Amino acid sequence: MTAVGNRELWCPLASSVHPMRAAIESDSMAWLDGHAVMPEDRRTEFRSGAPAALGSHTYPRGTRAGTQLASDFITWLFAFDDLYCDANRIGSDPVEFSAVIGELIEVLEDPGRANSPELPVARALRDLDGRVAAMGSPVQRRRWADDTEKYLLAKLWEAGRRRAGSLPPLASYVHLRRLGGANVACLMLTDISLGCEVPAEVMCSPPMTELVKAAADLADLDNDLLSFARESGPGEEFPINGVTAAALHGARDTAAAVECVLRFRDSRMRTLLELSARFAQSQDGPAADFSRGVCDWVGGHIDWIMKSGRYSQLPLGSGDWSLPR
């Protein structure tokens, strides 16, 4: 269990860490610095949140190269988010932000052609794309690229909602949050990290699709619950957060909004447990391995999120938070 104020995040899943964690984390930071993605004057603060440690927590059974790839992608996501999205002027301006998003989508649609000059985040994404293509099949690369593009477009949606100061109800919000959290894109690296490939007919089946969605929802909503205090603090912009969505659509106060999000995320945990148990009994080796990897990913994410220093607890009994109305 993980505490959220006077409540807990229910997680019966075990967690572990890749045995090469220290080397993987160090190499991810060196890779990001090699592409000059994060300005030098921001690197110390960026490192303090341990972004490069998440990959070792979420892909603990992966090959050394596979987990390194996933770790580098996650580190890139954190850097992009810090530079262009959260608490950033560009991320609050859909017009200006769309130029950045367009350049990154072009990388994934036409990786052989680079713009001149090229944004450091685009150059690093191009490197990631080439490595995904080299380590995975064309189908696996396309899955990852498609979901990364959806992530980028969802960040543009977030910029529009931030500018408008509004969000849809929680049940609708989670669909865009799932894309904007990039967790589906991360999960598409699971079988690549394990050195296998789930057949297309299995990966696209309703049970596997729902398993991936449930895992992504859990990571997104846990992130929302533990980042709301920071995102809604003094001087912060309109928080794109499940707690905000619940508060705008019926919750009487912050505590009720948090309770609503907790109930929703617990229902997604039950879905994950049910579907992963079904795949564990499957005769399809890659599907069973992938399902196990998804559970590793969820358990590792919760373990990391409480250790990273990027998040804080939410005091549910307090009236300190000003809900957007």
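Not measured: the values here are computed from a predicted model. For the single chain, residues carry numbers from 1 onward in sequence order. We use all heavy atoms of the structure for the numbers below, so side chains are in, but hydrogens, waters and symmetry mates are not.
Distance alone, capped at 3.5 Å, places no donor-acceptor pair between the R163 side chain and the P94 backbone. No donor-acceptor distance shorter than 3.5 angstrom exists from the side chain of S291 to the backbone of A280, with no hydrogens or angles considered. Although no hydrogens or angles enter the test, the distance criterion places no donor-acceptor pair under 3.5 Å between the side chain of S26 and the main chain of A23.
Atom CG in L125 sits 10.5 Å away from atom CD1 in I105 (nearest 0.5 Å).
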(message) Run R142 and E109 through salt bridge (Lys or Arg N to Asp or Glu O under 4.0 Å) and show every step you take.
(response) CA-CA 10 Å; R142 191 66 255 173; E109 288 298 313; 3.2 Å; yes
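Between E259 and D253 there is no side-chain heavy-atom pair separated by less than 4.5 Å. Side-chain atoms of C196 and L194, non-hydrogen and from C-beta on, do get closer than 4.5 Å to each other. Two residues are said to be in side-chain contact when any heavy atoms from C-beta on lie closer than 4.5 Å; I74 and T58 meet this criterion. A 4.5 Å side-chain heavy-atom check between F73 and V132 finds every atom pair outside the cut-off. For the pair T209 and K213, the minimum side-chain heavy-atom distance is below 4.5 Å.
The minimum heavy-atom distance linking L167 with A245 is given by the pair CD1-N, 4.0 Å.
Sequence neighbours left out, the pairs with a member in residues 195-206 that pass side chain to side chain donor-acceptor pair (under 3.5 Å) are S137-E197.
Residues that satisfy the salt bridge (Lys or Arg N to Asp or Glu O under 4.0 Å) test with R292, not counting sequence neighbours, are absent from this structure. Remark: R126 pairs with E118 by the salt bridge (Lys or Arg N to Asp or Glu O under 4.0 Å) rule, at least two apart or across chains. Scanning for side-chain contact (heavy atoms from CB on, under 4.5 Å) contacts around D27 gives R64, Q68, with sequence neighbours left out. By the ring-ring contact (aromatic ring centres under 6.0 Å, His included) test, F80 is found to be paired with W76, Y84, residues two or more places apart in sequence or in another chain being considered.
Between W304 and Y59, the ring center distance fails the sub-6.0 Å criterion.
Annotation for I24: hydrophobic cluster partners, listed by chain and number, are M20 (ILVMFWY side-chain heavy atoms under 4.5 Å, direct or chained).
Using a 4.0 Å cut-off between charged nitrogen and carboxylate oxygen, D220 and R265 do not count as a salt-bridge pair.
Using cut-offs of 30° and 60° on the angle between ring planes, the pair W297 and H301 is parallel.
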